[in-house]
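Predicted model only: the values in this text are computed from it and were never measured. These values consider heavy atoms only, across backbone and side chains, with no hydrogens, waters or symmetry-generated copies.
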Amino acid sequence: MTDKTALFPTAAELGRLRAVAAGTARPDLIVRGGLVQSPGTEEWLERDILVSGRHIAALTPWGHVPAASPGEQGEPGAPDELDASGCHVVPTFIDAHLHIEYTNLTPGELGRLSVARGTGTVLTDPNGAANVWGARGMDQLLTTGTPLHIFQQVSPKTPGSPELERGGAVIAEEVVRGRLWDDVTTNLGEGNPFDYGEESTGRFREALVAGRRITGHTAAQTDESLWGYLAAGVGDDHNSATIDEVLERVRLGAMITVMGASLTDNTVPIFTDLEKVAPALRSLCFCADDKHALDLHTEGHIDHHVRQAIRFGVDPQLAYRMATTQPAAYYRLDQVLGLLAPSRLADLQLIPDLAEVRPSVVVVEGRVVARDGRALFENTDELPEWMTDTVHLPAELDPSMFEVRAATGSGVEESGTGRARVRAMEMYKGYFKHAFETELDVVGGLVQPDLEHDVLKIAVVDRHHGDALTGIGFVKGFGLRRGAIAITMNCPNMNIAVVGADDASMLHAVEELRAMQGGFVTVADGEVVGRVPLPVGGMMSAAPFEETAEALRLGHEATHALGCTIPSPYIILSFVGLYVVPDLGLTERGLIDALTQSFVDVLVPVGGHLDRCGHEGHAS
């Protein structure tokens, strides 16, 4: 766990830092001959970096401290040296908003993957761990022996809306507020933008008094809806997907955390028109919110954001500041990290090519921890037994659990055949859903999916309480022509989400999840064709990240072979149920209108219709 206070120099360390900087003591490490990113003037400085223990003592002109003579090299007390000639030297990157669970890696495996790519610090909201294990799970997701700094964004409420979901664990409000004062905490995590209750208002107030930032996801809001959210003290947003949204929020004082996720990559629309977005560039930082292990492995972590910004024409100095100094300053970490300056942690990387953003050396707390994209450390984290065996279902599942029965009436004959009108949702821009209505065939009294028009059945199944309580809806956008895909990571309650072309395949997929105790699965024609085991809470794997990434690649290929066109279908499925972004969501209790935060029927009443936001009205 990364307590901020523990990262400051001790009194003894501070005394030695001053001695090294004053030239009366020898440094432990000298990073020589690099062009160092200036902490304040946005210059590349010809400087050597003198390191004492974990911290930077001084930045000196090249060669100011003579190199050790051949006879001194290797002698006790002689400083180690890193040759940074031909390289730019920058701080390690900061991911300003992440859920480690959604990487599908344990903290140690994420450290082994990301630190080697230059990301040395993550600010994480462990809301999945909170739902599965409670407060002890939140603590475990902040813990690793690898050189990855993990700070906490306190998950605001577990379960998120008890009126709309049962979820798994329950965390008391006083526990949440108490954690805001923890030294590991930088933020209050992302909360429901449509919750105006006294409890949430009090939580916002507690965060402000504790000196913590408040993270927001503004869910495509604008005008009064947006103003009401930011008026709570919410100070950043990782949902901005257009330049207009960025400018609107920055003009209201918000920091924009540009998301490059497996759901959607906002680095593309936000940086394509630099002239238009220019007024906001110094109010931007980066996050890889909801980016799974495969994309982290192949595309990169925060290094991807920096590459994208430079590719679209952002000055490299500024692009690197967006990944380091700007988030450090905003999240009040700049006295510890995020810039290369005296008394700060010696967390730095050597970059041979600014545009490529591939560090040749990564240093954390004064130690070389990675070279040429490979970690020089192992993940030796040991996980407690309670983190596994978390998928609890009945011994036998009811074969009728996914049925949607249409009442006899308008459009449905007494024989049980005809057409029924249903509420449905269509995926767009990652985890957003358009509400729409459609008519579906009814056979034997049961509403059928429409494979020709890509309207599939989706269900969220409780996996915490052992009774398999199930909410059912219909969704467009997955494109399956046969089979089903299922996961144990419905956001935010970490229940099972399953989408399929037929009920039998959906049932088979859920049974496979139980057998493997969590993860992702794709089935077709009675066979498992894709499998990603995630036995740690049904969310993560402690296996080497390379194995998890490969399992994801094969699972995606198998799912695409069934007609799915979504590049990352499992993680998109994680968010179909999310009920705090427009228009609809789904929990084990039923279908939810995101705007009103209330349940709505899947079957549209006779004579009713839906407006574009999913609200019941009357036909004109």
Side-chain angles (χ1 to χ4, degrees), residues 95-97 187 190-194 213-291 302 304-315 318-319 321-323 326-327 329-331 425-436 477 572 575 578 580-585 594-595 611-615:
D95 185 331
H97 176 67
N187 309 52
E190 52 187 325
N192 186 343
F194 305 106
R213 295 296 191 183
I214 304 175
T215 285
H217 59 170
T218 60
Q221 294 171 287
T222 191
D223 296 336
E224 283 82 0
S225 181
L226 175 65
W227 305 335
Y229 191 34
L230 298 185
V234 172
D236 65 54
D237 173 45
H238 57 273
N239 277 164
S240 297
T242 68
I243 294 176
D244 287 338
E245 288 179 338
V246 167
L247 292 173
E248 179 183 28
R249 286 149 178 75
V250 170
R251 286 164 179 156
L252 292 169
M255 166 68 77
I256 302 302
T257 309
V258 180
M259 182 173 71
S262 295
L263 297 167
T264 186
D265 188 351
N266 292 336
T267 65
V268 177
I270 288 175
F271 290 125
T272 49
D273 187 342
L274 286 187
E275 183 177 358
K276 183 176 180 181
V277 78
L281 290 179
R282 284 169 177 76
S283 294
L284 301 186
C285 58
F286 298 136
C287 77
D289 186 26
D290 309 320
K291 192 167 190 174
I302 299 303
H304 165 72
H305 294 70
V306 179
R307 269 191 299 278
Q308 286 285 80
I310 294 172
R311 182 169 74 90
F312 284 111
V314 175
D315 180 81
L318 182 53
R321 288 176 64 85
M322 291 175 187
Q326 289 177 192
Y330 179 76
Y331 294 103
M425 45 189 163
E426 181 175 9
M427 306 306 298
Y428 76 102
K429 286 203 305 189
Y431 54 25
F432 291 93
K433 291 93 62 181
H434 280 306
F436 70 102
I572 292 291
F575 291 91
L578 186 62
V580 295
V581 295
D583 287 328
L584 298 173
L595 183 60
D611 66 19
R612 71 178 187 87
C613 292
H615 308 134

Report the C-alpha separation of L226 and L252 in whole Å, then their side-chain angles, then the decisive distance to 0.1 Å, and conclude whether the side chain to side chain contact (heavy atoms under 4.5 Å, CB included) test is met.
-> CA-CA 10 Å; L226 175 65; L252 292 169; 4.0 Å; yes
Hey, could you give me the CD/CG distance between Q308 and N266, rounded to the nearest 0.5 Å?
-> 11.0 Å
Applying side-chain hydrogen bond (donor to acceptor under 3.5 Å, both in side chains) to D244 and not counting sequence neighbours gives K276
Taking the side chain as C-beta and beyond, is there a heavy-atom pair between F432 and E426 under 4.5 Å?
-> no
Straight-line distance of L284 CG to I256 CD1, nearest 0.5 Å | 7.0 Å
Looking only at heavy atoms, what is the nearest atom pair of S240 and I270, with distance?
-> O-CD1, 3.4 Å
Sidechain-backbone polar pair: Q326 side chain, C285 backbone, donor-acceptor under 3.5 Å | no
List the atom of Y330, the atom of R213, and the distance in Å for their closest heavy-atom pair.
-> O-NE, 2.6 Å
Over 60° means perpendicular and under 30° means parallel, so classify the ring planes of F286 and F271, tilted if in between.
-> perpendicular
Going by heavy atoms in the side chains, are D273 and F312 under 4.5 Å from each other?
-> no
Would you say the side-chain atoms of D289 pair up with the backbone N or O of A261, donor to acceptor, closer than 3.5 Å?
-> no
Which heavy-atom pair separates A288 from I302 by the least distance, and what is that distance?
-> N-CD1, 4.2 Å
All pairs passing salt bridge (charged side-chain N to carboxylate O under 4.0 Å, His left out) where residues 215-239 contributes a residue, at least two apart | D237-R249
Could you walk me through whether D265 and H304 pass side chain to side chain contact (heavy atoms under 4.5 Å, CB included), step by step?
-> CA-CA 10 Å; D265 188 351; H304 165 72; 2.8 Å; yes
Side chains of T222 and E248: does their closest heavy-atom pair fall under 4.5 Å?
-> yes
Would you check if the side chain of T242 reaches a backbone N or O of E245 as a donor-acceptor pair within less than 3.5 Å?
-> yes
Heavy atoms only: give me the nearest A280-L247 pair and the separation to one decimal.
-> CB-CD2, 4.1 Å
Could you check D583 against L595 for side chain to side chain contact (heavy atoms under 4.5 Å, CB included), going step by step and ending with a plain yes or no?
-> CA-CA 7 Å; D583 287 328; L595 183 60; over 6 Å; no
State, with a plain yes or no, whether a side-chain heavy atom of M322 is found less than 4.5 Å away from one of L281.
-> yes
Under a 4.5 Å cut-off applied to non-hydrogen side-chain atoms, are V580 and L578 in contact?
-> yes
Minimum heavy-atom separation for K433 to M425, with atom names?
-> CB-CB, 3.8 Å
Would you check if C287 and H238 make a side-chain contact, meaning some heavy-atom pair closer than 4.5 Å?
-> yes
With a 4.5 Å limit on heavy-atom distance, are the side chains of F194 and S225 in contact?
-> yes
What one should report as the nearest heavy-atom pair of S283 and A254 is CB-O, 4.2 Å
Side chain proximity check, R321 to R282, heavy atoms < 4.5 angstrom | no
Are the side chain of H97 and the backbone of T215 linked by a donor-acceptor contact shorter than 3.5 Å?
-> no
